[in-house]
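Just so we're on the same page: letters track the sequence lines, and every chain starts at 1. Just the heavy atoms: all of them, side chains too, but no hydrogens, waters or symmetry mates, feed the values below.
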Amino acid sequence: MSGTSRRSPKETESKHLPIYRHRDKLVQAVKSSTFLVVTGETGSGKTTQLPQYLHEAGFCKDGRIGITQPRRVAAITVAQRVAQEMQCTLGKEVGYQVRFDDCTSQDTQVKYMTDGCLLREILADPGLSQYSVIILDEVHERSLNTDILMGLLKKIFSDPDKATKGRSFPLKVVVMSATLETEKLSAFLSDCPVFAIPGRAFPVTCTFGSAVGPKDIESTAYVKEVVKVALDVHTSEMAGDILVFLTGQSEIERACDLLFEKAECIDYRYDVHDRTVEGLLILPLYGSMPTDQQRQIFQPPPKGIRKCVVATNIAATSLTINGIKYIVDSGFVKQLNHNSRVGMDVLEVVPISKSEAQQRAGRAGRTSPGKCFRIFSKDFWETCMPEYTVPEIQRTSLTAVVLTLKCLGVHDVVRFPYLDRPEERFILEALKQLYQFDAIDRRGTVTDLGKLMVEFPLHPGLTRAVLRAASVGCEDLLLPVAAMLSVENIFIRPGHPEKQKQADQRHRALAAKTGSMNDFATLLSVFQLCKSSDRPSAWCKDNWIHWRALKSAFSVETQLREILLRLQQKRDFPAETFDGNKSELFRRCLCTGYFNNVARRSVGKVFCTMDGHGSMVHIHPSSSLFDQEAELNWVIFHDVLVTSRVYIRTVCPIRYEWVKDLLPKLHEVDVYELSSVAREEVTEEEMVKWEMKEAAKRPSEVSAADAMKKMEKRSTDSSVSDARARYLQRKQQRQQSKAL
DNA sequence: AGAAAAGGT
C-alpha cells in the first residue's frame with residue numbers, strides 16, 4: 001500500500017487549482033467527521049484532487065476510495081486524468097467501473113464509477129465493506145441513483161453494525177455539489193460541516209427579453225425568437241462562439257434552417273450539417289446524432305468564422321464546448337414526467353428552473369467573461385420558473401427503485417430517508433405494480449421471484465416477461481426483445497420527406513417479413529437478421545436502422561443472458577411446461593409483463609386501456625398494426641406517446657383468455673393494505689363493463705364512458721387531452737410561422 | 001394518417 005506522494009509534471013499544474021490551498025483543512029475535515037459536504041463550482045478541481053489528497057493522507061490503508069458520477073463518460077475521463085496525475089497505469093491504483101467496462105484490479109485504491117454501479121454493489125454488499133471513503137459527486141444534479149444512494153448511506157449509520165462491521169475504522173461519506181441548497185444537504189446528513197471551495201468561473205452578464213412572457217408557456221414563439229437573438233449577437237457582438245438552448249431534434253433543425261435562411265447566405269457546402277453563412281458556422285447538436293457529427297462540434301471554427309451551436313440540454317451538463325462566449329436561452333426543456341393520474345409517462349416541454357437557467361448561463365464563462373441572452377421576460381422568470389428543478393425521484397415511475405429498496409431490507413419504503421420525498425401515491429403505485437408481478441407478497445415482503453427480478457438491469461415488467469420465458473424455455477425469444485426495448489429507438493426516421501418515405505418503406509418491409517403483425521416480433525427479427533448478417537453495419541444502413549443503438553442492444557442481450565445463466569445455476573428456478581405454437585408462447589410471455597398495458601378495441605380505430613384508467617388511445621402509425629381493422633380486439637403495448645393523439649407504440653395482438661386472470665388482479669388490489677385478492681372467473685363483457693364504470697367515476701379524465709358518449713363531438717376534456725390540445729395549438733402556430 | 005431528452009444498472 002503506497003501512501004507516499006509522487007512528483008509529476010501534472011502535479012505542478014494541479015497546485016494552481018483553487019482547491020490546493022485547502023488541502024490540509026479538507027483532509028482534516030474528512031478525518032474529523034462522518035459526513036462532509038464539499039461545495040464548489042466547476043473548475044475548482046474537487047473531482048480530481050480530493051480523492052488524491054485522501055489517498056496520500058492514508059485513507060486507503062483500510063479500503064478503497066469510491067467516487068460516483070452520474071455519467072459514464074465522466075467516470076472514465078476523470079479516472080484517466082487522475083491516473084495520469086498519479087503516474088500510474090489506469091486500472092491499477094486508479095481505476096473506473098461502468099456498465100460493460102470494468103477497469104479495476106486488486107490494487108485499485110481510487111475507483112471512479114457511475115452511481116448505478118455503486119447501487120449494484122450495495123445490493124451485493126450492503127455495508128460497502130471494501131470502501132473506506134465514499135464520495136458522491138455532482139449531487140446537485142439529483143439523479144435518481146444518487147438520491148437513492150444518499151438515503152442508503154444515511155441509513156447505514158442508523159444501523160451501527162453495518163457501518164463498523166469488518167472495518168478497523170468507520171466509513172466516511174463525502175457529498176460534493178455545486179453551491180446550491182448546501183444547508184439542505186448538511187441538514188440531511190446530521191447537520192454535518194460544509195466545506196466551500198471557490199470556483200474559477202468568469203462572470204456572465206444575463207439579460208432578459210420580452211418575447212416570451214407568463215402567457216406564452218404553451219407557445220412555440222421561442223424558436224423564432226432564439227434565431228433572431230442569435231443573429232443579433234452575430235452582427236453586433238465581439239468575437240466568440242454562440243450556444244443556443246432548445247428542446248428537441250425537430251426544433252433544432254427548424255432553428256438551423258431559419259438561421260440559415262435569415263442570414264441570406266449561400267449554401268456552398270452540400271452537407272446540411274456543415275453550413276457556413278456570413279461568417280457563421282451553424283451546427284445542430286442532440287443526443288441521437290451520429291458520434292462523428294457530434295465530434296465536429298468541438299473543433300474550433302476556421303479563422304474569422306463564428307461558431308453557433310444549436311443544442312438540446314445535452315450541452316448543459318454532458319458536453320462542454322470550449323470557446324463559448326454567448327448563450328441564447330429559450331428557457332424551455334423537454335422532460336419525461338410520470339403522470340400517476342393516467343398511469344403513464346408523458347414527454348412534455350416545460351419551462352426550466354431558475355437554477356437550470358443559471359447553469360446554462362455558466363456555460364458562457366468557462367474561459368473568459370461571457371454574456372447570456374434570455375429570450376423570456378423577467379416576469380416569466382418570476383412567475384413561471386421554479387427555484388429548482390423537481391428531482392427525478394419525484395417525477396418518475398418508482399417500480400424498479402422500490403424493488404431495489406425492498407431487496408436491501410428497506411421494508412418501509414414510504415418512510416425511507418429521501419432527500420426529497422416522492423408523493424405517496426407514486427410509491428403506492430409502485431408497490432401495487434410489484435405486487436401484481438408477484439415480486440412482493442401481500443404484506444409487502446419480497447418474494448423469491450422479486451429477488452430474481454432485482455438482478456436484471458431492466459424495467460420490472462420486461463424482467464417479468466423474461467423470467468416467464470426462461471421458465472418455459474423460450475428465453476431466446478424474449479432476451480433480444482428486452483434488450484431492444486431498453487436501448488434508444490433503433491428505427492431511424494430522417495427529416496427529409498423523400499428519405500422519410502424510403503425509411504418507412506424499409507421498416508414496413510421488415511415488419512412484413514415476420515408475417516405476424518406484432519411489433520415485438522419485428523424487434524426480435526431485426527435483432528436476429530442483423531446479428532446473422534455478414535456486414536451488420538451496412539445492413540443497418542440499408543434498412544434505416546440505428547447501428548449504434550443496435551450494437552448496444554447486442555451487449556445488453558449478452559449481459560442479460562449471463563445474468564440469467566448465473567441465476568439458473570445458483571438457484572432453484574421456476575419451471576413450467578407449455579404446449580402451443582411459438583407465436584402464442586412468445587405473446588403469452590409478454591402478457592406476463594405487460595398486463596398493465598392492455599387495451600381493447602372500443603369503436604373503429606379507438607382503443608380503451610384496461611388498466612383501471614379507461615383512457616382512449618390510438619395505435620401509432622409506426623406500428624405494423626396501424627391500419628389493421630378487424631379481428632383485432634385485444635392488444636398489449638410497450639409505451640405511450642402523446643402528440644396529436646394519445647398513441648400506443650410497439651403493439652402486439654393478444655387474446656382475452658391470456659390476460660383474464662391477470663386483469664381482475666389489477667383492479668382489486670387495495671394499495672393501502674395490499675390485502676388478499678380474489679381470483680374469480682370474469683367474462684370479457686363483465687370486464688369491459690367494470691372498466692366503463694370505473695372510467696365514469698373520473699369525469700375529468702379521458703374515459704371510455706366519456707368517449708362513447710361524446711364520440712361525435714370529439715371530446716377533449718382530460719389531462720391526456722390537455723396535452724393533445726397543447727400540441728395542436730403548437731402545430732397551428734408552427735404552420736402559421738412557416739406561412740409567414 | 002404520422003413521430004422520439006438526457007442519463008444509467
Trainee: Can you tell me how far C1' of B:dA5 sits from CD of A:E253, to the nearest Å?
Mentor: 15 Å

Trainee: Whole angstroms only, please: what is the CG-C1' distance between A:L246 and B:dA6?
Mentor: 15 Å

Trainee: Just checking A:V333: base, sugar-phosphate only, or nothing, at a heavy-atom cut-off of under 4.0 Å?
Mentor: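 Nothing, no nucleic acid heavy atom in range.
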
Trainee: Do A:N313 side-chain atoms and A:A316 backbone N/O form a donor-acceptor pair below 3.5 Å?
Mentor: no

Trainee: So A:L119, base contact, sugar-phosphate only, or nothing? Heavy-atom distance under 4.0 Å.
Mentor: nothing

Trainee: Using a cut-off of 4.0 Å on non-hydrogen atoms, how would the nucleic acid contact of A:R395 be classed: base, sugar-phosphate, or nothing?
Mentor: nothing

Trainee: Base, sugar-phosphate, or nothing: which does A:D504 touch, judged by heavy atoms less than 4.0 Å apart?
Mentor: base

Trainee: Surrounding CD of A:E488 (heavy atoms of other residues, nucleotides or ligands, distance under 6.0 Å), is the total greater than 12?
Mentor: yes

Trainee: Sequence neighbours excluded, which residues qualify as ring-ring contact (aromatic ring centres under 6.0 Å, His included) partners of A:Y594?
Mentor: A:F520, A:H638

Trainee: What does A:T114 touch in the nucleic acid at a heavy-atom separation under 4.0 angstrom: a base, only the sugar-phosphate, or nothing?
Mentor: sugar-phosphate

Trainee: Give the rounded distance in Å between these two atoms: OH of A:Y647 and C1' of B:dA3.
Mentor: 9 Å

Trainee: Quick check on DNA chain B: between A:H620 and A:F100, whose nearest nucleotide comes earlier from the 5' end?
Mentor: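 Nearest-nucleotide comparison on DNA chain B picks A:H620.
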
Trainee: How would you list all residue pairs meeting salt bridge (Lys or Arg N to Asp or Glu O under 4.0 Å) that involve residues 390-404 of chain A, not counting sequence neighbours?
Mentor: none

